[in-house]
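Contents: one structure, followed by commentary.
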Amino acid sequence: RDLRTRTTRVVLALVLTLSTLLVGAPVHAEGTQIHQGLRVHVALHDLDERRRAPLQRIVRRALKEVEHTFAATLDGDLRVDFAGSDASFRRLVKDGGAGGNFGEPWVAGLALLHADRVIVRLDGPGLLYTSEVVRHELAHIAVHALAKGHHLPRWFHEGVAMTVAGEATIDRLQQGLASGSFGELEGLDALDTAFAGHRIKVQRAYAVAAGFVRFAMRRS
């Protein structure tokens, strides 16, 4: 089945409130977890099988936090692929339809929204820890599901995902950028197109989008 949502009260405007607390999920054979009504299929690529259990725990905790944040329960099938090498990560991205020439080599995770699938590169070059990458990418999946086919700009997707990943991720990203990279804020259309290009430019776009969403949440 396609991933869909069952929501009690969800406000998908600019701010998403939280109200749900979910219990843990049992782990089943062949890398499949049952999380409420969601079947989570965890696959390892170029990784020792001994890493499966801790990675499953990371996914389970991330799902709790994402569903709690969005006051929503995900239902259906979700696939999470963990890659232990650059080669396997590139292959998974290409096989997932994201293209063979992946232009952002520092990226440690990718959400294939229409496939209900997340790909995570372990020990990659990005600024986020594995648990943060998983939360970030699952937030993309949740936002896409809640939007029910409506287009959302990338700055909104990334700002919400960075906020869900955690306050520490935003602070770490901003600290990693030179203070001179923050000038006058462009319009949102310009921000939306800034997620491609030089690494510093892209990281600045992530930081600005995350800061804007964090400000809006605190303001509300």
Side-chain angles (χ1 to χ4, degrees), residues 1-22 35-40 58-81 93 96-98 104 107-120 126 128 130-167 169-170 173 188-189 191-196 202-203 205-220:
R1 289 182 297 171
D2 292 335
L3 192 69
R4 60 183 185 274
T5 61
R6 298 194 307 271
T7 63
T8 51
R9 65 180 200 281
V10 176
V11 181
L12 183 59
L14 186 60
V15 181
L16 297 159
T17 58
L18 44 148
S19 68
T20 307
L21 184 61
L22 301 171
H35 176 85
Q36 301 288 76
L38 180 65
R39 291 177 299 279
V40 185
I58 287 175
V59 173
R60 191 158 60 245
R61 285 195 298 267
L63 280 169
K64 287 183 183 181
E65 294 170 8
V66 168
E67 290 183 321
H68 186 83
T69 299
F70 290 108
T73 302
L74 297 173
D75 191 314
D77 289 272
L78 172 70
R79 178 171 178 176
V80 182
D81 291 285
V93 169
E104 300 176 357
V107 171
L110 185 69
L112 302 176
L113 301 180
H114 296 287
D116 302 330
R117 183 179 178 187
V118 167
I119 303 172
V120 177
L128 276 63
T130 297
S131 59
E132 297 167 341
V133 173
V134 173
R135 288 200 304 272
H136 181 105
E137 302 306 337
L138 289 178
H140 282 305
I141 295 291
V143 168
H144 179 73
L146 291 167
K148 299 184 184 300
H150 295 287
H151 171 73
L152 293 172
R154 185 168 179 184
W155 69 260
F156 180 86
H157 254 286
E158 299 298 354
V160 171
M162 287 297 294
T163 303
V164 172
E167 295 281 317
T169 66
I170 302 175
L173 178 62
L188 291 179
D189 288 339
L191 178 59
D192 208 34
T193 60
F195 289 95
V202 175
Q203 288 182 342
Y206 275 100
V208 172
F212 179 67
V213 170
R214 180 167 63 174
F215 162 79
M217 292 178 68
R218 289 176 175 174
R219 178 81 174 263
S220 299

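By convention here, the first residue in the shown sequence is residue 1. Please read these numbers as outputs of a predicted model, since none were measured by experiment. Computed over heavy atoms, backbone and side chain alike; hydrogens, waters and symmetry mates excluded.
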Closest non-hydrogen contact found for Ala62 with Leu138 is CB-CD1, 3.7 Å
Would a 4.5 Å heavy-atom cut-off, applied to side chains only, mark Arg117 and Asp81 as touching? yes
With His140 via ring-ring contact (aromatic ring centres under 6.0 Å, His included) - residues at least two apart: His136, His157
Please tell me if the side chains of Asp116 and Asp77 come closer than 4.5 Å, counting only heavy atoms from C-beta onward. no
Measure from the side-chain N and O atoms of Glu67 to the backbone N and O of Thr73, and report whether any donor-acceptor pair falls under 3.5 Å. no
Is Leu78 close to Val59 at the side-chain level, that is, under 4.5 Å between some pair of heavy atoms? no
How would you list, by chain and number, every residue that makes a salt bridge (Lys or Arg N to Asp or Glu O under 4.0 Å) with Glu158, sequence neighbours excluded? Arg154
Under a 4.5 Å cut-off applied to non-hydrogen side-chain atoms, are Trp155 and Val208 in contact? no
Quick one: CG on Leu112 to NE2 on His144, what's the gap to the nearest 0.5 Å? 10.5 Å
Atom of Ala139, atom of Ala161 and distance for their closest heavy-atom approach: CB-CA, 3.8 Å
Can you find a pair of side-chain heavy atoms, one from Ile141 and one from Leu113, that are under 4.5 Å apart? yes
Mind checking whether Glu65 and Val164 have side chains closer than 4.5 Å, heavy atoms only? no
So, do Glu132 and Arg135 sit near enough that their side-chain heavy atoms are less than 4.5 Å apart? yes
Minimum heavy-atom separation for Ala142 to Val66, with atom names? CB-CG1, 3.8 Å
Which distance, rounded to the nearest 0.5 Å, do you find between the CG of Leu146 and the CG of Leu152? 9.5 Å
Within the structure provided, determine whether Val134 and Val118 are in side-chain contact (heavy-atom separation under 4.5 Å). no
